[in-house]
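Heads up, the thing below is written out as structure tokens.
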Amino acid sequence: MSMAPKDWKTQEEAIATAKAEILAAIGDTDARLELGMVKSIQRGNAATNINTGNQVTVKISEVDMDKSIVIASFYNSTPSGNNNFGGVISLTSSTSLNIQAAAGSGSNYTSTSVRWQVIEFY
């Protein structure tokens, strides 16, 4: 395909021809969306009282696991105790997250919670 000069009758014909050639070169809408754009974002807050070693399963809308990532933020609203806190969050199926909390030794994390996001791409 080339944009060689042609004998168009109107400027509108020239523009329409150029648009058609551009769209043909880059493909249809579905093909363009597969270039890495975000398809969906799901967010939530896991149940509180996730203590050391406890696991929580969160149900989500179905996603393609090969095209999704999980982001999590573990936090503790208990004012006392050691603030070393973390955990593991994983997409265990196309419709569920598994969250396992782990606190530092000697900590009191009775009010620990997890904010999460699942981002799915095209």
Side-chain angles (χ1 to χ4, degrees):
M1 262 179 237
S2 70
M3 295 293 295
K6 298 180 181 177
D7 292 328
W8 294 299
K9 294 180 182 174
T10 66
Q11 183 178 2
E12 288 79 20
E13 286 180 8
I15 292 170
T17 301
K19 283 182 179 178
E21 289 181 2
I22 290 168
L23 289 174
I26 62 174
D28 62 19
T29 303
D30 290 339
R32 284 179 274 156
L33 291 175
E34 291 178 7
L35 296 175
M37 296 174 66
V38 172
K39 182 177 182 180
S40 68
I41 299 176
Q42 299 179 57
R43 294 184 176 107
N45 189 23
T48 57
N49 299 324
I50 303 172
N51 297 314
T52 303
N54 287 350
Q55 292 187 28
V56 173
T57 299
V58 177
K59 296 295 180 190
I60 60 171
S61 297
E62 187 171 10
V63 295
D64 182 335
M65 292 176 65
D66 292 330
K67 296 181 179 182
S68 300
I69 61 169
V70 179
I71 300 171
S73 178
F74 292 80
Y75 63 97
N76 172 21
S77 61
T78 304
S80 64
N82 185 338
N83 289 324
N84 296 327
F85 176 76
V88 177
I89 186 167
S90 58
L91 192 57
T92 54
S93 77
S94 61
T95 59
S96 64
L97 296 172
N98 184 327
I99 302 169
Q100 181 167 0
S105 62
S107 299
N108 178 11
Y109 288 98
T110 58
S111 299
T112 302
S113 193
V114 180
R115 292 183 181 164
W116 56 266
Q117 295 184 72
V118 176
I119 303 172
E120 179 182 20
F121 299 90
Y122 280 99

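When reading the values below, keep in mind they use all heavy atoms of this one structure, side chains included, and skip hydrogens, waters and symmetry mates. What you are looking at is a predicted structure, and each value in this text was computed from that prediction instead of being measured.
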Using side chain to side chain donor-acceptor pair (under 3.5 Å) as the criterion, list what pairs up with D64, not counting sequence neighbours.
none
Here the gap from E62 atom CD to S40 atom OG, rounded to the nearest 0.5 Å, amounts to 10.5 Å
Derivation and outcome, side chain to side chain contact (heavy atoms under 4.5 Å, CB included), residues V56 and V114
CA-CA 10 Å; V56 173; V114 180; over 6 Å; no
Rounded to the nearest 0.5 Å, what separates atom CZ in R115 from atom OG in S73?
7.0 Å
Output all residues satisfying side chain to side chain donor-acceptor pair (under 3.5 Å) with R43, sequence neighbours left out; order by chain, then residue number.
Q117
Do I89 and V58 have side chains that approach each other closer than 4.5 Å (heavy atoms only, starting at C-beta)?
no
If you look at every heavy atom in S94 and M65, which pair is closest and at what distance?
N-SD, 3.4 Å
All side-chain contact (heavy atoms from CB on, under 4.5 Å) counterparts of I69, not counting sequence neighbours
I71, I119, F121
For Q42, give me all partners under side chain to side chain donor-acceptor pair (under 3.5 Å), at least two apart in sequence or on another chain.
none
Heavy-atom pair of closest approach, residues N45 and W116:
N-NE1, 3.7 Å
Only counting residues at least two apart or in another chain, list the ones meeting side-chain contact (heavy atoms from CB on, under 4.5 Å) with S96.
T57, K59, T92, S93
